[in-house]
Protein chains: 2
Amino acid sequence: MVLQNDQKSQKRDLIIQAAARVFAQKGFAGTIMADIAEEAGIGKGTIYEYFESKEDLFFAVFEWFTQELTSLAMVSVSTLGGTASERLMTLGESLVKAGMGMEDMFSLSMEFWAASVSSQMKNRFKEVFKQVYMDFRRIISALIRDGIERGEFRPDVDPESLAAVLVGSWDGLLLQAWFDPAFDPLSTARNFMSVIIKGLRANPSQERQGKTEHRKG
Amino acid sequence: MVLQNDQKSQKRDLIIQAAARVFAQKGFAGTIMADIAEEAGIGKGTIYEYFESKEDLFFAVFEWFTQELTSLAMVSVSTLGGTASERLMTLGESLVKAGMGMEDMFSLSMEFWAASVSSQMKNRFKEVFKQVYMDFRRIISALIRDGIERGEFRPDVDPESLAAVLVGSWDGLLLQAWFDPAFDPLSTARNFMSVIIKGLRANPSQERQGKTEHRKG
DNA sequence: ATTCTGTGACTGAATGGTCGGTCGGAAATT
DNA sequence: AATTTCCGACCGACCATTCAGTCACAGAAT
């Protein structure tokens with residue numbers, strides 16, 4: 001049977017997802033192509049119909065992964081309503097939850113990080129990572145800037161810096177949770193966000209208000 | 001010549017440090033034992049006089065690394081004077097600076113993370129990581145608790161949560177910097193800390209004061 | 001019959017780890 | 001102090017294994 005393009009890409013996806021599971025569990029080096037073939041329920045040779053090499057496949061998994069993650073964040077943000085504080089809070093929670101839910105996927109992230117150090121394709125990995133982090137920072141900083149414009153947040157915070165730290169702390173928290181099952185990133189994040197929000201409030205003495213001391217449009 | 005114990009351990013350290021450099025540059029998988037031997041200026045066989053296996057050596061590098069890092073933090077903290085805010089700020093800066101300075105070393109961290117996913121010894125790696133993160137959190141949370149007791153910080157923040165986030169965001173920030181050379185983790189951290197400090201202040205309207213609304217001795 | 005897809009046995013390159021042998025120096029013996 | 005013995009640190013050629021990638025063939029589709 002001659003596969004249609006969409007069937008072809010469907011099978012590609014099948015392989016990618018099977019590979020993702022195996023890589024997540026065994027790491028890049030620990031994974032052999034035969035494992036992936038078995039997981040996907042196909043022959044080893046077939047993989048090479050769709051991918052150049054093991055590294056090429058790994059990179060494809062990486063791209064798939066970042067896509068999933070980014071669209072998750074996009075959806076979260078676009079769905080959210082309420083004040084900037086609330087949206088920030090909710091986005092944070094849903095990202096941490098996502099990270100905790102797909103715990104396998106987090107271990108995949110670690111493999112990707114490592115790949116950006118030493119694989120043949122480290123520069124391609126780095127480039128994509130850079131872009132992903134930028135995207136996330138952009139999403140968050142827009143949210144913060146919005147809060148400032150509404151007069152909800154102090155005008156003198158730097159949205160970019162704060163966004164970077166939030167993005168960073170999600171990684172950092174999940175990392176700690178990865179190593180210590182007793183560590184609860186969700187309640188940690190919650191507690192933390194409330195401190196942040198207090199620091200952000202334009203007028204700390206009131207819960208919320210529209211008084212505008214803000215500059216910049 | 002029969003080596004004394006201290007000569008013996010000196011050579012061990014020599015190998016560890018040579019290995020650290022090579023692993024940092026080429027990653028675990030990309031490193032071959034011959035490289036390490038060459039870097040250390042010894043024969044390959046000699047390495048096996050001191051270490052069971054490649055993984056065993058890698059783990060030894062890991063232990064050495066965490067020791068270095070922890071003692072750096074210890075020294076920083078014990079040296080620092082001033083208010084809790086100032087000490088927090090300074091500790092943060094010096095850790096970020098350290099991370100930036102030894103950029104090779106940061107890439108080593110990534111390798112260690114990956115090792116905790118998939119190496120044979122993943123549980124040993126995880127255990128050590130867990131301990132290291134706990135130590136760091138303990139250092140920071142003690143600092144915060146101190147600030148609360150002095151009445152400098154609001155009594156209703158959770159020192160453990162905040163400490164975890166700070167620790168996490170150092171990792172997270174350095175990670176972003178790793179991928180994007182244009183990203184400046186230091187000024188980001190500075191900006192961020194000032195938001196945090198504002199959120200922490202016991203009495204936000206004054207710069208600093210000793211008024212004690214605090215409970216708990 | 002022809003074309004396309006799937007396959008898994010096979011191969012060769014790469015490399016972790018071994019082991020028999022070397023050699024500089026310490027200790028024992030003279 | 002000269003000589004011999006002994007030790008163990010050091011070495012690197014070699015071995016055994018592991019796997020990524022290939023390819024000749026089988027089977028399906030048309």
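Chain A is the first sequence line, chain B the second, and so forth, proteins listed ahead of strands; every chain is numbered from 1.
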Partners meeting side-chain hydrogen bond (donor to acceptor under 3.5 Å, both in side chains) with W170(A) (sequence neighbours left out): none
What is the distance from [atom1] of [X] to [atom2] of [N], rounded to the nearest Å?
X      : N       : atom1 : atom2 : value
E38(A) : dT7(C)  : CD    : C1'   : 15 Å
I47(A) : dG21(D) : CD1   : P     : 11 Å
I15(B) : dA9(D)  : CD1   : C1'   : 11 Å
R12(A) : dG6(C)  : CZ    : P     : 14 Å
D35(B) : dG12(D) : CG    : C1'   : 15 Å

Would you list the atom pairs, donor with acceptor, under 3.5 Å between side chains in residues 33-45 of chain B and any protein atom, with sequence neighbours excluded?
| from | atom 1 | to | atom 2 | distance (Å) |
| --- | --- | --- | --- | --- |
| D35(B) | OD2 | K26(B) | NZ | 3.2 |
| E39(B) | OE2 | R21(B) | NE | 2.6 |
| E39(B) | OE2 | R21(B) | NH2 | 3.1 |

Which nucleotides of nucleotides 12-23 of chain C have their base under 4.0 Å from a protein heavy atom (B), which only their sugar-phosphate (S), and which neither (-), written as one string 5' to 3'? ---SBBB-----
Under the side chain to side chain contact (heavy atoms under 4.5 Å, CB included) test, residues paired with A98(B) that sit two or more places apart: L72(B)
What side-chain donor-acceptor pairs closer than 3.5 Å can you find for residues 106-114 of chain A, not counting sequence neighbours?
| from | atom 1 | to | atom 2 | distance (Å) |
| --- | --- | --- | --- | --- |
| S107(A) | OG | A24(A) | O | 3.1 |
| S107(A) | OG | D104(A) | O | 2.5 |
| E111(A) | OE1 | F28(A) | N | 2.9 |
| E111(A) | OE2 | S118(B) | OG | 3.3 |

Relative to each other, are the rings of F179(A) and F129(B) parallel, tilted or perpendicular (30° and 60° limits)? parallel
Selection residues 173-185 of chain B - residue pairs positive for salt bridge (Lys or Arg N to Asp or Glu O under 4.0 Å), sequence neighbours left out: R137(A)-D180(B)
Under 4.0 Å between a side-chain N or O of T46(B) and OP1 or OP2 of dA9(D)? no
